[in-house]
Undergrad: 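Provided herewith is a single structure, encoded as structure tokens, for subsequent inquiry.
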Amino acid sequence: MQATAIAQPNIALIKYWGKCDLGRNLPAVGSISVTLKDLYTEVSVTLSSDRLQDQLLVNGSENLPMLARISACLDSVVGENRARALIESSSNFPIAAGLASSASAFAATTVAAASAANLNLGTDELARLAGLASGSAARSLYDGFVELQNTAETISVKSIRDTESWPLQVVVAITEVGPKATGSTEAMEISRATSPFYDSWIDQQEQDLDVARLAISQQDFGSLAAIAEHNCLKMHSVMWASRPSMMYWNSATMRCMQAVRQLQEDGHRVFFTIDAGPQVKAVCVSEDVDAVAEALANTDGVREVMTSGLGHAARLVNPS
Ligand code: PMV
């Protein structure tokens, strides 16, 4: 009754922000992401009938704040009358700081829990279950460029381009370590209830998805860069105009964006994207990865730079 799975975080190029059904955690908009290769979360789930309670260890330490969400994820995968579990998670990047750690953690937990309980679930079902726990986690069940489509009833996720045919790189500039001020579920609801820009954000998402889908299919970096930056800044405008205002950036975040602008002026093919946290993800073509990593590492306030290619779907490490 033990299984270990590994999942990579994914970075949204066209963002998910807002839910249309809180209970079923259904996103109000579709999204497009890239799954990373070199950052990962590994999760072991051990189900045991002798155990009285679930226990979560994150990087070796007991983690109570995340336990309720992880237990709920196990309930939805295995069933509420399941044996209690020891869940051991480790990541090679900072957690809970806008680096999509919940995506890789819940994707890996879902895959490990299903296997530990001897359930033979297909990828679509695993994605649906991971998405119940964290909307973006559904995308980490697929590799390369991934589109999540929302319908009123459920989600559907698929890989729309493999990594080999367009091997972009992502440079992550870490500007601050530590948990984010407002969790994304709460922040999305504040945006829905109070942001004057929320409705236009929802209305315009289909056209942004169309542009990005075409750019990805034609390998048109310039067009993808323009729509991804626009979509990211639009999402943050929704957050900034919410009441209370939610501002996830710090001054180093801004300096990184300026560094990317300078790189673009110098002819490098790179664009930025930022999620609900202060880290900047710079997506670039392989030829430009060294220049991008160097520029961001030399940007005042950047603590660390991590580089990743595009990679794999969540998978089992040791099937039980
Ligand atoms: O999956 P959640 O609830 O952590 O929401 C993720 C939201 C963003 O990272 C800001 C955007 C996205 O599409 O990943």
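As the structure lists them, so they are numbered: ligands from 1, and atoms in each ligand from 1. Heavy atoms only: backbone and side chains are in, while hydrogens, waters and symmetry mates are out.
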Undergrad: For the residue pair T273 and K15, confirm or rule out a side-chain donor-acceptor distance under 3.5 Å.
TA: yes

Undergrad: Show me which atoms of ligand 1 lie under 4.0 Å from any heavy atom of A276.
TA: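 Answer, ordered by atom number: 10 (C).
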
Undergrad: Please indicate whether Y40 has more than 12 foreign heavy atoms, meaning atoms of other residues, nucleotides or ligands, lying under 6.0 Å from its OH.
TA: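 At most 12 heavy atoms, drawn from other residues, nucleotides or ligands, come within 6.0 Å of this atom.
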
Undergrad: Classify the contact between H236 and ligand 1 as side chain, backbone, both or neither, using a heavy-atom distance cut-off of under 4.0 Å.
TA: neither

Undergrad: For the pair Y248 and W17, name the ring-plane relationship: parallel under 30°, tilted 30 to 60°, perpendicular over 60°.
TA: perpendicular

Undergrad: Below 3.5 Å, N or O to N or O, backbone or side chain included: is there any such pair between S136 and ligand 1?
TA: yes

Undergrad: Which of the atoms in ligand 1, numbered in the order shown and given with their element, are less than 4.0 Å from a heavy-atom of D275?
TA: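 Close to D275: 8 (C), 9 (O), 10 (C), 11 (C).
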
Undergrad: Under 3.5 Å, is there a donor on one side chain and an acceptor on the other for Q264 and R261?
TA: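 Yes, R261 and Q264 have a side-chain donor paired with an acceptor closer than 3.5 Å.
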
Undergrad: I want to know if ligand 1 touches K15 in the polar sense, i.e. an N/O pair below 3.5 angstrom.
TA: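 Such a contact does not occur with ligand 1.
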
Undergrad: Can a salt bridge be assigned to the pair D143 and R315 using a cut-off of 4.0 Å between side-chain N and carboxylate O?
TA: no

Undergrad: Look at atom CD of E294 and say whether more than 12 heavy atoms of other residues, nucleotides or ligands are closer to it than 6.0 Å.
TA: no

Undergrad: With heavy atoms of S102 as the reference, note each atom of ligand 1 found under 4.0 Å away.
TA: 4 (O)

Undergrad: Taking atom types as modelled, find out whether N231 and Q204 have a side-chain donor-acceptor pair closer than 3.5 angstrom.
TA: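 Looking only at side-chain atoms, Q204 and N231 do not form any donor-acceptor pair under 3.5 Å.
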
Undergrad: So if I count the atoms of ligand 1 from 1 in the order they appear, which ones are less than 4.0 Å from some heavy atom of R139?
TA: 12 (C), 13 (O), 14 (O)

Undergrad: Quick one: do the S191 and S242 side chains pair a donor with an acceptor below 3.5 Å?
TA: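 Their side chains do contain a donor-acceptor pair, which is all the 3.5 Å distance test asks for.
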
Undergrad: Heavy-atom distances under 4.0 Å are what count here, so tell me which part of S184 touches ligand 1: side chain, backbone, both or neither.
TA: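 Only the side chain of S184 comes within reach of ligand 1.
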
Undergrad: What are the atoms of ligand 1, with element, lying closer than 4.0 Å to any heavy atom of S134?
TA: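 Within the 4.0 Å cut-off of S134, ligand 1 contributes 1 (O), 2 (P), 4 (O).
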
Undergrad: Considering only heavy atoms of A12, which atoms of ligand 1 have at least one such atom less than 4.0 Å away?
TA: 12 (C), 13 (O), 14 (O)

Undergrad: Examine N10 against ligand 1 and note whether any of their N/O atoms are separated by less than 3.5 Å.
TA: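 For ligand 1, there is no N or O atom that lies under 3.5 Å from one belonging to N10.
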
